[in-house]
Amino acid sequence: MTSQTTHSAEGHNGNYPGKGIGQPVGVAVLGMGTVGTEVLRLISEFSSNLEQRIGGPIDVRGVAVSDLGKRREVLDLFPDIALTDNALELIDRDDIDVVVEVIGGIEYPRQCVLAALKAGKSVVTANKALIAAHADELSDAANEAGVDLYYEAAVAAAIPVVGTLRRSLAGDQIQRISGIVNGTTNYVLDAMASTGMSYDEALAEATRLGYAEADPTADVEGHDAASKAAILASMGFHSRVTYDDVHAEGITNITAEDIEAAKDAGFTIKLLAICERLFDDAGNTTSVAARVHPTLVPNEHPLASVDKSYNAVFVEAEAAGRLMFYGNGAGGAPTASAVLGDLVGAARNKIHGGRAPADNPYAHYPVADFGDVPTRYHIDMSVVDRAGVLADISRRFADAGISISAVRQEEHGDASRLIVVTHMSIERKLAAIVEELATLDDVKVVNSVIRLDADAAE
Ligand code: HSE
């Protein structure tokens, strides 16, 4: 893969002059949901510390909301603030230096963020769906204008992983990133494993306790984690991976039986986002891949013990080795913490001049087809209990060139439960053998197929 030139700032002379020490930094906050409210509260509470860290005070000059009539207590802390329902007008004001976007959704925030960047304002956003879909366009706009585009809060909220990939690991070679990046699904899977309850019962509990949103579709179907995987893969591999490039499966089909079978075999089922390089025979990276699916994680792997609604991101880098980042991946205050960290960075650059390291997808690795991704399968089937069935099934694996790592069989009346765990193969071949098995008269039903975390379990 030929390296290409880095994204250089264009449209200006490459200098990023600052306003000067002591000057206020004008901030607009777009959106006053849980995160926006908490950002405002923390800006007020930490104002003198923030000023010391930045070199000038943060001056929140406007807040854009959709419902002007709603009572918002936190605004009592900002008596001079302009409250508006016209975000684009607020962004355009000359006294706004940094725009904090915490609206949610994609199209309207995209318009707002683009307008801000094009007008020379730095942007801090917590919007994973926006970044996962439009990072290219937004980064180009930031580079053109010579301003910052920060989005630490977009992945796993308070866990500092975006900045870590962007700055701390900028000199290393990231090999693989695997993470639990969705708190709702981790809560549900953990509740199922620790109590034996069903998926529906665990989701109902998560909803009752406020871990799951009223409509948990994006979480339980893996879409939220897929946006985060796209961002992590893009940062880690200096390439552009979008939401549409990520194969995503959720947890809705995971049963109490799957959890039990995993336990018996020494695994914990986690919804993992896995970002990896694919190599040729000479060990050169040919492409990258990002996927989200329920995964059997060996109990001794650090990700297996991440419980409740916690998130964790496990990074494997050539020189740094294995690193794990753990903490709160959701919630108003943890997300606001990440937003505030970015705001300090963007505001500091406004005062002192300069820019933060921008996205740099110079490697331009293509995204591999999901069928080419190496993985392992744990296949749970009910089969007819008669001589020769196991031999026939084993032969089919051998004919397909798939090596079996373990087989377990349990008697259930006139049927047997047969669990086959494979060695590494590629997704396409593994999916094909499952399809073939499902057509056999001797296979009553394929109960479930769950992938193993290939790297940790091989
Ligand atoms: N709903 C997400 C979660 C947090 O459950 O982790 C926001 O991405």
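Atoms within a ligand are numbered from 1 in the order they appear, just like the ligands themselves.
For NZ of K263, the number of neighbouring non-hydrogen atoms (other residues, nucleotides, ligands) closer than 6.0 Å is greater than 12.
Protein residues with a heavy atom closer than 4.0 Å to ligand 1 are K128, N182, G183, T184, E213, D219, D224, K228, A330, listed by chain and number.
A donor atom on one side chain and an acceptor atom on the other are not found under 3.5 Å apart for D200 and S198. Side-chain atoms of R376 and S405 include a donor-acceptor pair closer than 3.5 Å.
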Enumerate, atom names and distances included, each donor-acceptor pair closer than 3.5 Å involving a side-chain atom of residues 337-344, sequence neighbours excluded.
from, atom 1, to, atom 2, distance (Å)
D342, OD2, Y151, N, 3.4
D342, OD2, E152, N, 2.8

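Considering only residues two or more places apart in sequence or on other chains, R110 meets the salt bridge (charged side-chain N to carboxylate O under 4.0 Å, His left out) condition with E107, E137. R451 is linked by a salt bridge (charged side-chain N to carboxylate O under 4.0 Å, His left out) to E249, E427, counting only residues two or more places apart in sequence or in another chain.
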